[in-house]
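For clarity, every value in this text was computed on a predicted model and none was experimentally measured. Both backbone and side-chain heavy atoms feed into the values below; hydrogens, waters and symmetry mates do not.
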Amino acid sequence: MPDLQEHFARAIALAAEQLGSDAAPVIVVEPSAVPEAGDYSSPVAFRLAKSMRRPPREIAESLARILEANPPPYTRAVTASGGGYLNFLVDFDSFAPEVVREALSVGDVVAPDSAAGVKVVVEHTATNPNKAAHLGHLRNACIGDTVSRLLRATGHRVEVQNYIDDTGVQVADVLVGIRHLGLQPEEGESFDRFCSRAYVEVCHRYETEPALLDLRRETLRAIEARDGEIATAAKELTSRIVDCHLRTMARAGISYDLLTWESDIIELGFLRQALDLLLEHGVMRRPDQGPLSGCWVLPLEETLEGGEADLVDAKVLIKSDGIATYTAKDIAYHLWKFGVLGLDFGYRLWADGGPSTSTSEPDLATLDPLQFGHAGRVVNVIDQRQSAPQRVVKEALRRLGFEGQADALHHLAYEVVALSPAAADALGVDTTSGKSQYALSGRQGIEIGADALLDEAQRQVEAKARNADTAARLAASAVRYYLLRFGLNSIITFDFEEALRTSGDSGVYLQYAHARACGILQRVDPLPMPARALELSSQERELIKVIAEFPRAVAEAAASLTPSTLAAYTFRLATSFNDVYEHTERLYRIQDPEVRGVRRGVVDAARATLARALQLLGMEPLARI
RNA sequence: GCCCCCAUAGCUCAGCGGAUAGAGCGCCGGCCUCCGGAGCCGGGUGCGCAGGUUCGAGUCCUGCUGGGGGUACCA
């Protein structure tokens, strides 16, 4: 796709040189803020003004004269306006056919990046395998999934990993509920919902029955010993929950290349190996005094007093009882991700024929050693609250001498999902304090299940969808778009009404625009695209510009790892298409084959681009609704 | 205490140092002899406060106020 902004920027650079500018400023070209001035504008003259010691307006006029004499491709005119803006008018006669042609031929890699080909490991979801996935997990997964798609679309080799923390205390909690409180699934209750309920119940009972805490300790010890009936029960529990999570996420179009089990990391000696490395390199120390005496720690802040180092702040990696913390395991995991640990997993398929592969102990491995891990770059989609431990992992890599790996480790932090007062009230939370948002809490059962939300969305669209399958996809689109629309730094204050909206800035609106385009095309047979596109309406010209910006939108979203910018682009594209639909003559009525061919081409290009954008957002484009 | 994030329209949010700050929702009014009305068009109010940098600041810097989070021998 011809990137006009890039073309224009290069032409400006040459013209500026010709004008005698010695400095090479960063040249910004943007869609014009004032449409009367042109299609694209650049404030470059303002930047040149100082070094050239001439008024910006004068510089812009000189640049315009030079560019007019030798115009860049697809340019109809170059003008100066305002205090010194340089404006480009696009020649749509030649530009439109080019855009249509390219939009219809774009492949999976939309905009190759300079780092294309690099292997990127993206870790996301990582929901504790002891209860149903909720809204917060779904936000994580949607972000991670779209980031993965964006990286693939810019030419990276992507491996999506879902970390399964199956040795944590929360698994013990649910087991206590099932084994010692005799909790049973209710009629029609799914297994993960049942576990969520058991978890809430157990956490509640801990407060009044301290004896249960002993049972928890005992259960946890049995799980970590990896032996006996309790360990088997834990393995079965976590496997069943993981299956539930995979089903839930699949409803939203999310899948994984590899399930990484924490128990395998421990079982296969990854942790021991990592700890050995940390010891050998003197990264980990054991204070013999102070509050952390008896622990193995990674020092974070020290002061020198009388030549003696005094530990001010440190991260505990091994507790005084000899048990490693989560951060220690995460360091081991990341050494493996980068292929520098010196150990590897076995691999087997998960759930026969499913999309995922699982790590495994070597003697259970059924797959040839595949090229998992060995990342050139790692992206961890983990909420903002984990920033501190993530920094420690990065720092540990650095101190072990893996500087490059530390630099290539990126914590993609995002804000959490909270509840609006209305949503909190609907869940029975006391909202008399009048706060503007209320925290979710799995422990207290204050949460919105991912499945429950998708079900609700489906009910919402059922009446107007042609069948249940379409309704399911529309529902998934609505929810996904809602969760991706927000910037990563925004707390989503969840509100049912907003999330389930089917009009305006919503996933359903996008799907409808796509289906509408498909409908138009079905009614009119394909025609050849003329070399020159005459008689385009102003709405069609605008649409052509938006379509042409697609690769740039993808490249920017991928470079900054922000799905929300792609969501915004897609909404703009759909709006622009609807504008054309509403304001140009009905396609089937057009007699002139050339005009008809051009206009059909524009609709087809919009359809194709909308489809690609929806796919990147993880929404399966619907041809009919 | 220290660190991070946030503050833009009645509400929910976009806004990469550039021209007159935009969407959606809600409210009022308009547009169907149907290419799919889950649409389109019109109507209006706003960058928390105070400084600074800049030709130019919602955007960058400093301080303040108000919210959220982190700072565990939890994961």
Side-chain angles (χ1 to χ4, degrees), chain A residues 26 28 30 32-34 37 41-47 49-50 55-56 81-85 87 126 128 165 167-171 262 291-297 300-301 313 315-323 325-327 329-330 383-389 391 413-416 418 420 435-437 439 461 464-465 474 478 485-493 495 497-499 501-506 508-513 515-524 556 560 562 564-565 567-568 571-572 575 578-579 581-590 603 624-625:
Chain A
V26 180
V28 176
E30 292 181 325
S32 297
V34 263
S41 300
S42 174
V44 66
F46 293 103
R47 291 175 201 221
K50 188 172 266 178
S81 69
Y85 288 92
N87 310 298
N128 284 337
D165 180 5
T167 63
V169 69
Q170 343 74 16
V171 175
E262 183 168 285
L292 297 179
S293 67
C295 300
W296 287 95
V297 306
L300 294 173
E301 195 186 339
D313 188 20
K315 175 70 195 172
V316 174
L317 298 182
I318 303 177
K319 301 186 274 184
S320 57
D321 63 5
I323 293 175
T325 62
Y326 176 80
T327 303
K329 299 170 198 171
D330 217 21
D383 83 58
Q384 157 276 130
R385 292 172 301 188
Q386 310 259 359
S387 295
R391 269 195 296 272
Y414 65 92
E415 271 291 355
V416 296
S420 69
K435 292 198 288 187
S436 62
Q437 57 185 225
V461 297
K464 287 182 166 181
L474 269 183
R485 255 177 51 198
F486 296 82
L488 296 177
N489 280 337
S490 289
I491 296 175
I492 297 181
T493 308
D495 187 79
E497 209 177 310
E498 289 239 13
R501 184 152 284 148
T502 60
S503 66
D505 190 2
S506 72
V508 173
Y509 174 92
L510 302 183
Q511 286 285 11
Y512 200 88
R516 174 178 281 154
C518 292
I520 296 174
L521 293 167
Q522 212 158 33
R523 184 155 174 177
V524 176
E556 283 177 359
S560 56
T562 51
S564 61
T565 62
F571 179 60
R572 202 155 65 87
T575 302
N578 275 336
D579 199 19
Y581 167 77
E582 205 68 33
H583 299 287
T584 57
E585 195 183 359
R586 314 198 186 311
L587 190 59
Y588 67 87
R589 285 191 188 154
I590 297 172
V603 172
R624 286 176 66 196
I625 292 171

Using a heavy-atom cut-off of under 4.0 Å over every strand shown, decide if [X] touches base, sugar-phosphate, or nothing.
X: K50(A); value: sugar-phosphate
X: I318(A); value: nothing
X: E30(A); value: base
X: G487(A); value: sugar-phosphate
X: T562(A); value: nothing
X: P56(A); value: nothing
X: N87(A); value: base
X: F486(A); value: sugar-phosphate
X: V34(A); value: base
X: T325(A); value: sugar-phosphate

- Would you confirm whether the ring centroid of F571(A) sits within less than 6.0 angstrom of the ring centroid of Y509(A)?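 Aromatic pair counts; centres sit under 6.0 Å.
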
Nearest-Å distance, [atom1] ([X]) to [atom2] ([N])?
X: N489(A); N: C16(B); atom1: CG; atom2: C1'; result: 15 Å
X: Q384(A); N: C3(B); atom1: CD; atom2: C1'; result: 11 Å
X: K319(A); N: C74(B); atom1: NZ; atom2: C1'; result: 7 Å
X: E301(A); N: C3(B); atom1: CD; atom2: P; result: 11 Å
X: L510(A); N: G36(B); atom1: CG; atom2: P; result: 19 Å
X: D495(A); N: C13(B); atom1: CG; atom2: P; result: 10 Å
X: I491(A); N: C6(B); atom1: CD1; atom2: C1'; result: 7 Å
X: D313(A); N: A72(B); atom1: CG; atom2: C1'; result: 11 Å

- Query: Would you find a donor on one side and an acceptor on the other, under 3.5 Å apart, between the side chain of T502(A) and the backbone of V508(A)?
  - Reply: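 Absent.
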
- Message: Looking at R485(A), is its backbone amide N or carbonyl O close enough to the side chain of S564(A) to form a donor-acceptor pair, meaning the two atoms are under 3.5 Å apart?
- Response: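 Here the side-chain-to-backbone pair does not exist.
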
- Please report the closest heavy-atom contact between Q437(A) and A418(A), naming both atoms and the distance.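 Taking every non-hydrogen atom into account, CB-CB, 4.1 Å.
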
- Message: Measuring from atom CD1 of I491(A) to atom CD of Q384(A), what distance do you get when rounded to the nearest 0.5 angstrom?
- Response: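 I491(A) atom CD1 to Q384(A) atom CD measures 7.5 Å (nearest 0.5 Å).
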
- State the CD1-OG1 distance between I590(A) and T584(A), to the nearest 0.5 angstrom.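 Atom-to-atom, I590(A):CD1 and T584(A):OG1 are 7.0 Å apart.
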
Out of [options], which has the shortest distance to the side chain of [X]?
X: V169(A); options: C73(B), C74(B), A19(B); result: C74(B)
X: D165(A); options: U12(B), A75(B), G36(B); result: A75(B)
X: D579(A); options: C73(B), G39(B), C41(B); result: C41(B)
X: I625(A); options: C55(B), A38(B), C40(B); result: A38(B)
X: L474(A); options: G70(B), A38(B), C40(B); result: A38(B)
X: A33(A); options: A38(B), A75(B), A19(B); result: A19(B)
X: Y512(A); options: U54(B), A14(B), G37(B); result: G37(B)
X: S81(A); options: C73(B), A19(B), G39(B); result: A19(B)
X: S32(A); options: A38(B), C73(B), A19(B); result: A19(B)

- Item | Y85(A) over G18(B), stacked by centroid distance under 5.5 Å, angle under 30° |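 No; centroid distance or tilt outside limits.
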
- So does S436(A) get a side-chain nitrogen or oxygen closer than 4.0 Å to the phosphate oxygens (OP1/OP2) of A7(B)?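 For S436(A), the contact criterion (side-chain N or O under 4.0 Å from OP1 or OP2 of A7(B)) is not met.
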
- Query: Between C13(B) and T493(A), is there an OP1 or OP2 to side-chain N/O distance shorter than 4.0 Å?
  - Reply: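 Affirmative; the distance criterion is met.
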
If I pick the [atom1] atom on [M] and the same atom on [N], what distance separates them, to the nearest angstrom?
N: C11(B); M: G26(B); atom1: C1'; answer: 8 Å
N: C31(B); M: G46(B); atom1: P; answer: 31 Å
N: C2(B); M: U62(B); atom1: P; answer: 15 Å
N: G17(B); M: A7(B); atom1: P; answer: 16 Å

- When every nucleotide of nucleotides 21-35 of chain B is labelled 5' to 3' by its protein contacts under 4.0 Å (heavy atoms), B for base, S for sugar-phosphate only, - for none, what sequence of letters results? --SSS--------SB

- Task: Measure distances between side-chain N and O atoms of R47(A) and base N and O atoms of G17(B), and say whether any donor-acceptor pair falls under 3.5 Å.
- Result: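 Result: no qualifying N/O pair found.
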
- Tell whether N578(A) reaches the base of A38(B) with its side chain through a donor-acceptor pair below 3.5 angstrom.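 No such pair is found, so the answer is no.
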
- Query: Should stems be defined as at least three consecutive Watson-Crick or G-U pairs with both distances under 3.5 angstrom, which of them involve RNA chain B?
  - Reply: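 Output for stems: B:1-7 with B:65-71, B:10-13 with B:22-25, B:27-31 with B:39-43, B:48-52 with B:60-64.
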
- Item | Whether F46(A) and Y85(A) hold their rings parallel, tilted or perpendicular, with breakpoints at 30° and 60° |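 Ring orientation, 0 to 90° scale: perpendicular.
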
